[in-house]
Asker: 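The structure follows.
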Amino acid sequence: MSPRSRADTVVGVFTTKEIVRAGDLLRRYPFTAAGLAVIVTLGAVFRTFVTQVDQHSWADRISYGVPAFRDDRWWAVFTGAPFAITPLCYVAVLGSFAAFVGLAEHRLGTARTMIVWAVGHVAGVFGAIGLVDLTGSALVSAVDVGPSGGAMAAAAVCTATFAPRWRWRARIALIAYVVGSLVLVAHLADVVHMVAVVVALPLGPLFLRRAARATEAEPAVHQLAAHGGGTLSWMTTWPGTEYFHGTDGYVAYRRHAGVAVVVGDPVGSPRWQQAAPALFAAHCDRERLVPAWFSVGSATVDAVGGHRLQVAEDTIVDLAGLEFRGKKWQDIRTARNRAAKDGIAFRLVTLADEPASVRRQVREISASWLAGKRTPELRFTLGGVDQAMDPRVRVGLAIDEHGTVHGVTSWLPVFDDNGKPQGWTLDMMRRRADGFRPVVEFLIAEACLAFQAEGAAFVSLSGAPLVRTGDGPAPVGQRLLDRMGTVLEPLYGFHSLHAFKAKFQPRRVPLYLAYRSTAELPRIGLAILCAYMAKPAAATPAFAPVPLTHPAVAAAQVA
């Protein structure tokens, strides 16, 4: 057995590594750690583990309740906080304080959590005593101790940070618990909990750290117009994205499982793109987040440093000289010729301006396509009809002479540094189940020719996840990722999709996941999974384009 490393040196019954981890926890969540330490220390000093509080001579002096306030011992609201009525309650007190206050400190920060706990505890105790005294309840002579009122308030406030679906589930569960406890148990603590939750729930939005989270998309659109972007950059304007802004650029990310999952390369000036990784890492340290750069190019990976894994492969079709001639384009020519024979026409439109009948058909095709999938819908870097309704997104339609829509594609703009679309990224692909079969090949080919005529330089057929063309030596992590792509192939068809895109003879550009430490990789993987599975945030009903500083962009929107 090899000797312990220096980091594993034994100090007492703990290793130095364990001590460092404990110190890191104390640094990240000081209020939670300090609160638990105070409860444990005072509980041990007064033998709360062994006997009940009311068996001590000092119990009346530290407990809060109607008797305490009638004797002008208002300060008992604080002196009673670090204790529990019985040794069994002590376990519940420690667990609830660690869970609820710790979660609040993670979501809201230390200062806000201290305020939330103090307000919830004081309001819960004073409110409960007022209710008991005014109603003449049998609890008028009861006393209590413990910090659980503030912990319940922290839990109530934290629900405001959840996604809407989980927010209401958590609130219903919390209300059901406090009401059920009040009806079935009816201790003074249950009244405290009910009051604390009722007071804290409406206050939740006031404690969110929204000042540090710019979530408006239009500033990002202005930055894209000013500096240009990559093939994924338009996805940074989608709902649910948070932004870290610099003086001449921004980093867009999604927040899941304590990880900031960056969407594509930094947007901004060359100087900002080089400095952004270090500045964003400092931002993540302040926010207690793990930074992870997802689907970025090699230049960003080099700027980030650390480790890399290839997670996708972008497929770029250069439009200069594109004619679909020769044997390699046979499938594409067949699709176009058959479309002409069957009376299928191509239209490149703004979907929001189309008649209601067309929009309805597009939604029906999309819903039918999704219903036919055997697996959960992937999102995050994959948009749908809601994103296609943005008037700055172009939509390709295949429509027959009877007005039936057979297929639809959506294309996201890729701006250059003059604010002009230099390319377009394929996003949504949907086809009618009983419609024109090679409709997707037809739609992509016609869009390529239309964008070529407008002066665009390229189109991206978007990245194929978990696909890597290279067969050379790869590290263990990369081989595991390749194996995952093989396992998921029957479910999601990543390699089949990549093979389909090969019909358009694209050049391939690797996209990477850049991260700091291998130890963070499991957490990052969970966060990326959550990002793809999460229900998308509600989009603004009307995507009214804002006036942009570059006339070329406004002209492109009108065209």
Asker: Restricting to non-hydrogen atoms, name the atom on Ala527 and the atom on His256 that form the minimum distance, rounded to 0.1 Å.
Answerer: CB-O, 3.3 Å

Asker: Without swapping roles, check the side chain of Arg523 against the backbone of Ala257 for a donor-acceptor pair under 3.5 Å.
Answerer: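 Yes, because the side chain of Arg523 sits within donor-acceptor range (under 3.5 Å) of the backbone of Ala257.
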
Asker: Between Ala260 and Phe280, what is the shortest heavy-atom contact and its length?
Answerer: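 Looking at all heavy atoms of both residues, the closest pair is CB-CZ, 3.7 Å.
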
Asker: Please check if the side chain of Asp190 supplies one atom and the backbone of His187 the other of a donor-acceptor pair under 3.5 Å.
Answerer: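 Yes, because the side chain of Asp190 sits within donor-acceptor range (under 3.5 Å) of the backbone of His187.
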
Asker: Could you pull out the closest heavy-atom pair between Ala388 and Ser410, with the gap in Å?
Answerer: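 In terms of heavy atoms, the two residues are closest at CB-CB, 3.9 Å.
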
Asker: Has Trp272 got a side-chain atom pairing as donor or acceptor with Val267's backbone, closer than 3.5 angstrom?
Answerer: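 Yes.
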
Asker: Do we see a donor-acceptor contact under 3.5 Å between the side chains of His121 and Tyr64?
Answerer: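 Per modelled atom types, His121 and Tyr64 side chains form no pair under 3.5 Å.
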
Asker: Can Asp353 and Arg394 be counted as an ion pair, charged N to O under 4.0 angstrom?
Answerer: no

Asker: Look only at the side chain of Asp265 and the backbone of Gly230, and say whether a donor-acceptor pair between them is shorter than 3.5 Å.
Answerer: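 Such a contact is absent between Asp265 side chain and Gly230 backbone.
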
Asker: Run the side chain to side chain contact (heavy atoms under 4.5 Å, CB included) check on Leu513 and Trp293 step by step: do they pass?
Answerer: CA-CA 5 Å; Leu513 167 67; Trp293 297 76; 5.8 Å; no

Asker: Kindly say whether Trp234 contributes a backbone atom to a donor-acceptor pair with the side chain of Thr237 at under 3.5 angstrom?
Answerer: yes

Asker: Can you check ring pair (Phe, Tyr, Trp, His ring centres under 6.0 Å) on Phe294 and Tyr512, steps first, answer last?
Answerer: CA-CA 6 Å; Phe294 184 71; Tyr512 299 97; over 10 Å; no

Asker: Do His193 and Ser148 pair up side chain to side chain, a donor and an acceptor below 3.5 Å, judged on atom types alone?
Answerer: yes

Asker: If every non-hydrogen atom of Val178 is compared with every non-hydrogen atom of Met194, which pair is closest and at what distance?
Answerer: CB-CA, 4.1 Å

Asker: Can a side-chain donor-acceptor contact be found between Tyr250 and Thr236 if the only test is distance below 3.5 angstrom?
Answerer: yes

Asker: Is there a donor-acceptor pair closer than 3.5 Å between any side-chain N or O of Asp427 and the backbone N or O of Gly383?
Answerer: yes

Asker: Please give me the minimum heavy-atom distance between Val259 and Val290, naming the atom from each residue.
Answerer: CG1-O, 3.2 Å

Asker: Would you say the ring centers of Phe100 and Trp117 fall short of 6.0 Å from each other?
Answerer: no

Asker: Looking at Ala104 and Ala154, what are the two nearest heavy atoms and their distance?
Answerer: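 In this case the closest contact between Ala104 and Ala154 is CB-CB, 3.9 Å.
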
Asker: Give, for atom OG of Ser295 and atom CE of Met235, the distance between the pair rounded to the nearest 0.5 Å.
Answerer: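 So the OG of Ser295 and the CE of Met235 are separated by 8.5 Å.
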
Asker: Looking at Arg254 and Glu242, is any side-chain nitrogen of the basic one under 4.0 Å from a carboxylate oxygen of the acidic one?
Answerer: no

Asker: Should we say atom CH2 of Trp75 is surrounded by more than 12 heavy atoms from elsewhere, each under 6.0 Å from it?
Answerer: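 Counting other residues, nucleotides and ligands, CH2 of Trp75 exceeds 12 neighbours.
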
Asker: Between Thr241 and Trp238 (side chain of the first, backbone of the second, donor and acceptor by atom type, cut-off under 3.5 Å), is there such a pair?
Answerer: yes

Asker: For a 4.5 angstrom cut-off between non-hydrogen side-chain atoms, does Val262 reach Phe244?
Answerer: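 Val262 does not reach Phe244 side chain to side chain.
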
Asker: Just checking Tyr243 against Tyr253, ring centres under 6.0 Å apart?
Answerer: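 No, too far apart.
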
Asker: Where the side chain of Ser96 meets the backbone of Ala92, is there a donor-acceptor pair that is under 3.5 Å apart?
Answerer: yes

Asker: Please confirm whether the backbone N or O of Arg73 pairs with a side-chain atom of Asp71, one donor and one acceptor, at under 3.5 Å?
Answerer: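 No; judged by distance alone, with no hydrogens or angles, the pair does not exist.
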
Asker: Closer than 3.5 angstrom, by distance alone: can the side chain of Asp133 be matched with the main-chain N or O of Ile129 as a donor-acceptor pair?
Answerer: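 No; zero donor-acceptor contacts below 3.5 Å.
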
Asker: Counting only heavy atoms not in Glu520 (residues, nucleotides, ligands), do more than 12 fall under 6.0 Å from its CD?
Answerer: yes

Asker: Considering only NZ, NE, NH1 and NH2 on the basic side and carboxylate oxygens on the acidic side, decide whether Arg112 and Glu105 come within less than 4.0 Å.
Answerer: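 Not counted as a salt bridge, because no side-chain N and carboxylate O are separated by less than 4.0 Å.
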
Asker: Can you confirm whether the side chains of Arg171 and Thr159 place a donor and an acceptor under 3.5 Å from each other?
Answerer: yes

